[in-house]
Amino acid sequence: MPRRDERASPLLALSRPRRPARGRLGGRAQAVARARPHREARAHRADGLGDGGERDPARPRRAAPADRHGLRDLGRHRRGGDGDRGHDAVRRARHPRSHRRHRRHRRRRGRAETRLLTRPFIDPSGRRRYPTPSPREPRARTMSDTRRDYRDTVFLPTTTFPMRGELPKREPALLERWERIDLWRRLREASAGRPKFVLHDGPPYANGHIHIGTALNKILKDVINRAKQMAGYDANYVPGWDCHGLPIEWRIEEQYRAAGRDKDAVDVLAFRAECRAYAEHWMGVQAAEFRRLGVAGDWAGRYATMDFRSEAIIAGEIGRFLLNGALYRGAKPVLWSPVEKTALADAEVEYHDHTSTTVRVRFPILSAPAEDLREAAVVIWTTTPWTLPGNRAVAYGEDIDYALIVVETVSEGSLARPGEHLLVALPLLPDTLKEAGIGQHVVRRVLKGRELAGTICAHPLRGRGYEFDVPLLPAAFVTTDQGTGFVHIAPGHGEDDWELGRRHGLPVPETVGPDGTFLPHVAGFAGVHVYKAADPVCAALTQAGTLLSRSKLVHAYPHSWRSKAPLIFRTTPQWFIRIDGATAIRTKALAAIEATRFVPPQGQNRLRAMIASRPDWCISRQRAWGVPIAIFVDRRTGEPLRDPAVVQRIVAIFAQEGSDAWWTRPASDFLGPGRDPADYEQVFDIVDVWFESGSTHAFVLEGNPALAWPADLYLEGSDQHRGWFHSSLLEACGTRGRAPYRAVLTHGFVVDEQGRKMSKSLGNTVSPQEVIAEYGADILRLWVMASDYTEDLRIGPEILKQQAELYRRIRNTLRWILGGLDGFAEAERVPLADMPDLERWVLHRLAELDARVREAAESFAWTGVFAELHAFCAADLSAFYFDIRKDALYCDRADSLRRRACRTVLDHLHRCLTTWLAPLLVFTAEEAWLARFPSEDGSVHLETFPAIPPEWRNETIAQRMARIREIRRVVTGALERERAAGAIGASLQAAPILVLPAADRSLLDADGWAEICITSGITFADTPPDADVAPFTLDDVPGVTVIPRRAAGEKCLRCWKVLPEVGTHADHPGLCDRCHDAVTSGVLARRAAA
RNA sequence: GGGCUGGUAGCUCAGCUGGUCAGAGCACACGCUUGAUAAGCGUGGGGUCGCAGGUUCAAAUCCUGCCCGGCCCA
């Protein structure tokens, strides 16, 4: 999309230093060599072009004294005679930046010479073009000492704030400082009495080092907390840890195995003590890692689910469910690992491909409403033949079409029998016929599932110990995706099965023991392991004549995340919290979701859908490391003992001794006087860890004067819809009738640069420790804030490099501000009304950004804020405001209004940028703050966001400035063309003619335009004058024309503007009027005055 | 397989409820500066807005299907 009215002057083509042919010398270089033999010969050599000899790479290398850059050694990197490129490649590898600079220097030298050889000329249109003198004076004069004389009279930026962050080195020192000045305590004191903001920490698991996802989570929390704090809240933050649970237990067991000890022989209390020590250790490690990220919080007052007080309150929360009737004991199939001999939590299950034996089995119909069904058999399909001993029903879909067929012919080896009548879902008939090897057949009729109501079948192993009736039951979960349209129901081995059985009062046979083998009472299969049951079961079915077909299927199947072994559904007695019923937890939870703010809003749907469809909450685990479900069951009634006094006793003892007391003390201590322990069964199941973390609001927030209940915000990864958000909601709704949070923020997951999930096997992981060591924590924080964290976040080497670049710009902006503020005194300050428009525009921008930052602090929606701050630093400040104001800041008298206004604005910029950046770049902001306000115990983190006066907003100036910058683009474009043509170098060598539409003529005066465009002058014209130079326009800025002109006069040795008056001051012949005044005024640069 | 969600320049992101947007910053290329200098300024080249259909006078923006990715569930 070329916008330029004129692409390039012919000079451009001639002088552009395009890379020469890969030969020894390009045409340009040859021409130069002819003109300046001696000098070029040297340059030639320095470019590494002179030595074409290859070196033996194996030979030890040593720079010869004559080879002052050591370039000779680099010769070995050359390829195909292109020594130039080989040289560059090496430099680039060593230091990318110096590479670029080095090359530029070489080019310029060559180009200046070229120009001598190519002027004058006539352009293709026949017009004579610039018979311009060389823009650069001969080298001898530029080295003049007079120039240096005035350098000391210029206010150059002075600051202790280094250009390079060296964050890995500097950050730890700042952490120490914050520690030393007791920053956290002072923050709390300073914000006492302010409105509270409570972000309640979701506890990470105290196991292993933190990873990039944990880092993201904590950084986000920290930014939000700090921003709230600086926006005027009391944002206390108490981090916490999740300590109980299987993974730690597993690690301890591993240690036992490694030591050759039998864990079953170890006393449960000793085992728990080791788990406790393990968790304690990792809490310490993770705390240190979180703090290194710059996360501020009450680390000394952290919470842990294994604290005695926490354990006591968790037991008390279970007591609440006990007392309000929601807790009940049921027998429900849970995912069970025969290897670990335990039920697994949902989160402990992973799905992998697994090859299962599939069977189609006849269930002969005993009785049915329709006559023609009575001689038929229902065909079921299952991938778990071992569940057939537990079968007690068959489910059908009421709206499914079923075909009643008569088999006529069968293929060889088929288990089907000609003449038999089978019932199969119509859509699945072809599949079944094929699998069963049925050839000819007749569809006797097609009936709807609901016509099957009341049908009773025989168990396929009838006559072998399975004499009970098997009813056909309707169920919505039956589909015609796969199978036969009939689902065999084993209430002890499936969730749907169990639910259906419950509704129809089916028995729940227990057929499989903890180790995965059939129990002794299971006819025909006692002692057989279910993984090896396919053959015996099929054999029995075959004998019974009920097996119709057998096959294999690869499908996703649940496995243990620890042992990777396949799991089974197994019925065990478990404790549940009723979701519906008298406590109406589901209803309350759904209402609570509506009353909660979700960021992003999609989270609301997700949580709602899950709560709406979830079954009762199974909270018992048959493990050791956790809080016991500390209740008693009355042996006579089988009912749990619901006695508030007992619950209180348990809570009181746990608070003192921890939940170990459940094992160490006799039951009578809990039951109290008046109850005979012999009448009660003590429950030693432990509680689901999700129940524990779901109770953090109870033991961290409730009744804590430093915090508040409910929390303002819960903030976790989007997986916690099923986890912490979910369990906390159920727990609080069941006990307190509302959500423990007012708002929920979810962030996405960290994926690699291609958007794929991180995994050790893919080798695409990024660890926070590595990032900190290489770039620093501020870069990691910057990465978080530059990403859209409501979705997945990508990270990798390239992305981190980019973040480091963004950081560099921010840092240099701060550095320049600090440099410009050197020695700033309150007396210099200029009121808004006296400021030039340019300054007022910057303040307007600050007002806009202030609104943006405060908005983000309020809404937690930070995406884009950092990008805007960065764009402000890069585009508005560095490329525009700073570039323009360098002249005034460096060269004006110290008392000039313009300079003072600029410094006043720099002061505001410093205050705003350091405080706005403080929640994000906690280290750098502090460094920039202290560079300005050195202090023993000061900190930017003790500040609040500056109050921005409303009058800073000025839409009029904003609009005007937008137009000015548009027009400025035409000028810079014109200058660029001239620069490319070799007509000018620095923009101060130009003083173009500007033709503006009438509407724009009042924007600025000529000096104003020169200032904005950084030229030595601007003249206006009503129409483009008939010049020998082509006018310059931009298509997207119609009506604005620029006619380039070189500035007339001499270059002022102090401010480098080219002005006609230079040379008129006898005492300083090299100075312009302004600089003469400055130098002779006595209010010179601070350095000179001091 | 189901639910939710995403796929805009090499990268990070803007583009609200369809018609001056195909944009910004970074990176890259080229040039300038050498008094922000392991910095700074300017100019420029990059995208058939995942793919394929459809609705419409008009789609990055609406619908359908597909492909790819993520979280959760089975």
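Per chain, numbering begins at 1; letters A, B, ... match sequence-line order. The analysis underlying the following values was restricted to heavy atoms, covering all of them including side chains, and did not include hydrogens, waters or symmetry mates.
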Counting only side-chain nitrogens and oxygens, does A/R756 get under 4.0 Å of the OP1 or OP2 atom of B/G69? yes
Pairwise 5' ranking along RNA chain B for A/F882 and A/A871, keeping only the more 5' one: A/A871
Considering only heavy atoms from C-beta outward, does the side chain of A/L877 approach that of A/W816 to under 4.5 Å? no
Using only side-chain N and O atoms of A/R809, determine if any of them is under 4.0 Å from OP1 or OP2 of B/G40. yes
At under 4.0 Å, does any side-chain N or O of A/T972 touch on OP1 or OP2 of B/C41? no
Between B/U34, B/A39, B/C26, spot the one nearest the side chain of A/K1051, thanks. B/U34
So, are A/E805 and A/R808 salt-bridged, with charged N and O less than 4.0 Å apart? yes
Syn or anti for B/G46, taking syn as within 90° of 0? syn
Between A/S787 and B/C13, is there a side-chain N or O to OP1/OP2 distance below 4.0 Å? yes
Measure from the side-chain heavy atoms of A/W1056 and tell me the nearest of B/G40, B/U37, B/U34. B/U34
A/K886 side chain near B/A36 phosphate (N/O to OP1/OP2, under 4.0 Å): yes
Is there a side-chain polar atom (N or O) of A/S987 under 4.0 Å from OP1 or OP2 of B/C41? no
Quote, to the nearest angstrom, the P distance that separates B/A60 from B/U48. 13 Å
Classify the ring geometry between A/Y714 and A/F725 as parallel (under 30°), tilted (30 to 60°) or perpendicular (over 60°). tilted
Distance check: side-chain N/O of A/Y807 vs OP1/OP2 of B/C26, anything under 4.0 Å? no
Contact between A/E978 and A/P992 at the side-chain level, heavy atoms closer than 4.5 Å - yes or no? no
Quick one: label A/G819 by what it contacts on the DNA or RNA (base, sugar-phosphate, nothing), any heavy atom closer than 4.0 Å. nothing
Which parts of residues 598-616 of chain A get close to RNA chain B, meaning a heavy atom less than 4.0 angstrom away? A/Q602, A/R606, A/M610
Euclidean distance for C1', B/A29 against B/G45 (whole angstrom): 7 Å
Does B/C32 have OP1 or OP2 sitting under 4.0 Å from an N or O in the side chain of A/R979? no
Quick check on B/U37: is either OP1 or OP2 less than 4.0 Å from any side-chain nitrogen or oxygen of A/R815? yes
Heavy-atom nearest nucleotide on RNA chain B taken for A/Q803 and for A/E976; more 5' hit belongs to A/Q803
